[in-house]
Amino acid sequence: MDTQRLVQPFTMEQADDDGDAAAGDALCDSACGTPSTGGSVGSSSVDSDTPRGVTLSWRDLSVFATGQRSGRGAPGRRIIKHVSGAVRPGALVAVMGASGAGKSTLMTALAHRSPAGVAVRGDIRVDGRPVGDFMRRLSGFLHQEDLFVAELTVREHLHFMARMRLDRRTSCWERQRKVEQLLRQLGLTAAQHTRIGTPGHDKVISGGERKRLAFATELLTEPPLLFCDEPTTGLDSYSAQQLVDLMQRMTERPRGRGKTILCTIHQPSSDLLARFHRIMLVADGRIAFIGTPEDALLFFREQGYVCPASYNPADFFIRTLACMPGSEEASKVAVRRICDRFSASDHARKMEMEVLQDLGERDKEAAWGDEPAPVEPPLWPQKLWLLTGRSMLQVARDPSIQGLRILQKVAIAVMAGLCYLGTVSVSQTGVMSVQGALFILVSENTFSPMYSVLGVFPSELPLYLREHSAGLYGPGAFYMSKVLSMLPGLVVEPLLFAVLAYWLAGLRDDLYAFALTAVIAILTMNVSTACGFFFSTAFESVPTAMAYLVPFDYVLMITSGVFVKLSTLPSYVSWTQYLSWLMYANEAMSILQWEGVGNITCPDATLPCLQDGEHVLDHYSFDASHLSRNMIAMAVLYALFHSLGLICLWRRVRRLQ
Ligand SMILES: Nc1ncnc2c1ncn2[C@@H]1O[C@H](COP(=O)(O)OP(=O)(O)OP(=O)(O)O)[C@@H](O)[C@H]1O
């Protein structure tokens, strides 16, 4: 009966989307074909797939703010104060309390997901076992603020997550079956091909659909324990009710397989509150009550707080436990008294007895070998492949990332080429035009690509940190995927520019010179992007990165060989030229233009003249034997910037998590 219930749609949508499954979305398992509705080889009923529920208990738990957000030099503040409690399998628990009471802090601590700057002390156990990193696999966490890749569709997102989160031995069909089931179950079938988007922009799914998608993502792995931080915030009352109904159904499975769900919630209606099996009231970092809403009303009555007949009990609890402006001290004393009385009450003792009994029974069950097999996550190359695919879709679908840049490059190449048209010749004035055209080729492939990637890591870090904390992938795969996804653009863009500008400007009519110039242009853009990536990971925000990058790029430009004769640079700065890939590129391109050129016309024999190519190179302090050295140096800079970028990202992630 419960299996039936679970596969029932969340809303009235009954659209059969099996046919759509084969729609070839890039991230989807389209190669599996259409999944059979009756399951696939290796799949079993939903109930037997579902791991048994778990008991979560905690004793003498305190949470401190140790730094960062608490401010420089501020002592660690105790946010959660010596709390104890427990939740049994199949319980849907509403965590309620006034704003700032400590609900989210308590829940993230219980979920073993406390952020950096927060220290947790105390004993938290799952089925009697002290919590550890296994909590990432055992539990799902629905965050207050949803974060998605806006360019993906609902279906693509779920397929990506299925491949990232599920055991790598899960068959393609099985993954597809889970996605289809979740789409139906959460009423996302109609929106499955809609881009997730960013709220406030066109083509976005609604706030309710975002919440349901976030929920579906957490349900992919069938975690027996779910933490939901304000899942109903921003939803209309009907959608909120539907979501809570779904949670309720998930807790009500037989044979101890009901999920344990903790859910912070703000001001639920009486109707919504009645759907929760238990409520947990948090006040000033302590627990004021855990039990059924009815018992809570009785307990409060015993303490002298009577809920008026027409009043919403949730509002009554929150109001009673809130810190009243103007009478803060009295409110604190009242809250302390309620919390003290609860911890000494029969409710608290009964809860503890129930948990102990429950754990005893579950120990016996475990002896019968009901432990789930350990999950094998995807291998690193598989994760990299998936992440790169996702990033490529982002790049392809967001015109501001690459499409517009390519158009802009073409326009600049045509304009620059036309400006030099007819000015390039083997003459004294032609030397200036050639060197000018080469500088345009180098600088156009340096500055705009370098600055355009500065926002990549600051903007994507929140999503990365979220996915990292869920145990999906590490900084190496994240960084590499960004590099790989941009690679096609970083070849096409400079190549297009070189083809157009080179031939329009009328540079040396030699295929070898052109081909190597194009390769150097590609190298230039890749080194510049690597440098941009490094600054993007090294600094917290784009303005800070810019503040350091602008002076750095002036040094690069001055030492490029165009603005000053390199051999005349003062010794204390002359070393900087070896960091300047503009210099390497400029010298290499100049060699390709001038090597072997003899007899440059000289209009007036009485004035000093550049008589041949060797003279031109010498004039700029360039050396004809440096062609391969320069290309190798650029490759080394590319590797160096990316290595530094990766180290900075890794350090930042360690600091933030
Ligand atoms: N890392 C931190 N550093 C310093 N103070 C913190 C930190 N995290 C939480 N706090 C503080 O602890 C208190 C409880 O915060 P928490 O977010 O848990 O409250 P809440 O009950 O979930 O509130 P709301 O319902 O408004 O989300 C707040 O005063 C908050 O400012």
Side-chain angles (χ1 to χ4, degrees), residues 56 58 61-83 85 87 93-122 124 141-147 207 211 214 226-235 240 244 261-269 272-273 276 278-290 296 312 314-325 328-329 331-332 335-336 338-339 342 461-462 465-466 469 540 652-657:
L56 177 70
W58 59 100
L61 178 71
S62 293
V63 183
F64 302 84
T66 56
Q68 294 191 0
R69 275 177 60 188
S70 60
R72 242 180 124 95
R77 178 160 86 86
R78 197 189 289 264
I79 305 173
I80 299 296
K81 302 161 186 170
H82 302 289
V83 298
V87 188
V93 184
V95 183
M96 297 193 296
S99 181
K103 305 178 292 293
S104 303
T105 307
L106 175 60
M107 213 165 65
T108 45
L110 292 177
H112 199 63
R113 284 171 171 89
S114 291
V118 167
V120 179
R121 301 272 175 278
I124 307 173
F141 199 105
L142 191 69
H143 292 266
Q144 201 169 335
E145 189 194 344
D146 320 304
L147 294 176
K211 274 276 176 256
L226 256 179
F227 298 92
C228 307
D229 199 359
E230 297 184 24
T232 55
T233 301
L235 299 188
V244 175
I261 304 183
L262 271 92
C263 178
T264 63
I265 193 156
H266 268 294
Q267 294 181 314
S269 62
L272 206 61
L273 185 68
F276 287 89
R278 295 256 191 283
I279 58 172
M280 180 155 98
L281 300 175
V282 182
D284 194 21
R286 296 185 64 191
I287 290 183
F289 187 82
I290 306 183
N312 172 0
D315 288 341
F316 165 74
F317 296 135
I318 291 169
R319 218 181 128 82
T320 310
L321 297 171
C323 188
M324 291 295 173
E328 286 85 357
E329 212 33 58
S331 306
K332 276 191 176 172
V335 164
R336 206 174 308 139
I338 295 174
C339 294
F342 172 70
L461 207 60
L465 291 175
R466 177 78 58 87
S469 77
E540 306 268 321
R652 210 156 142 191
V653 170
R654 258 186 46 158
R655 208 175 53 241
L656 292 171
Q657 293 232 306

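All heavy atoms count here, side chains included; hydrogens, waters and symmetry mates do not. Each ligand, and each atom within it, is numbered from 1 in the order the structure gives. FYI, the numbering just counts along the sequence from 1.
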request  = Would you tell me whether Arg113 and Ser469 have side-chain atoms, one donor and one acceptor, within less than 3.5 Å of each other?
outcome  =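 The answer is no; no qualifying pair exists.
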Check each atom of ligand 1 against the heavy atoms of [X] and keep those under 4.0 Å away; list them by number with element.
X	answer
Ala98	21 (O)
Glu230	25 (O), 27 (O)
Val118	1 (N)

message = Using a 3.5 Å distance criterion without hydrogens, assess whether the side chain of Lys211 forms a donor-acceptor pair with backbone atoms of Thr233.
response =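 Not a single qualifying donor-acceptor pair exists.
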Backbone of Glu230 reached by a side-chain donor or acceptor of Thr264 within 3.5 Å =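 Confirmed, Thr264 side chain pairs with Glu230 backbone.
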message = For atom 14 (C) of ligand 1, tell me which residue out of Gly100, Ala119, Ser99, Gly97 has the closest non-hydrogen atom.
response = Gly100
inquiry  = I want to confirm something. Looking only at heavy atoms, which of Thr66, Val63, Ile79 is nearest to atom 7 (C) of ligand 1?
reply    =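 Going through Thr66, Val63, Ile79 one by one, Ile79 has the nearest heavy atom to atom 7 (C) of ligand 1.
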query = For ligand 1, is there an atom lying under 4.0 Å from some heavy atom of Arg77?
reply = yes
request  = Please check if atom CD in Glu145 has more than 12 non-hydrogen atoms from other residues, nucleotides or ligands closer than 6.0 Å.
outcome  =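 Not more than 12 within 6.0 Å, no.
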query = Are the charged groups of Lys332 and Asp284 less than 4.0 angstrom apart, N to O?
reply = no
inquiry  = Between Arg655 and Glu540 (salt bridge meaning N to carboxylate O under 4.0 Å), is one present in this structure?
reply    =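 Here Arg655 pairs with Glu540 in a salt bridge, since their nearest N and O are under 4.0 Å apart.
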Contact check: Ala116 vs ligand 1, nitrogen or oxygen atoms, below 3.5 angstrom =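 Checking ligand 1 against Ala116, no N or O pair falls under 3.5 Å apart.
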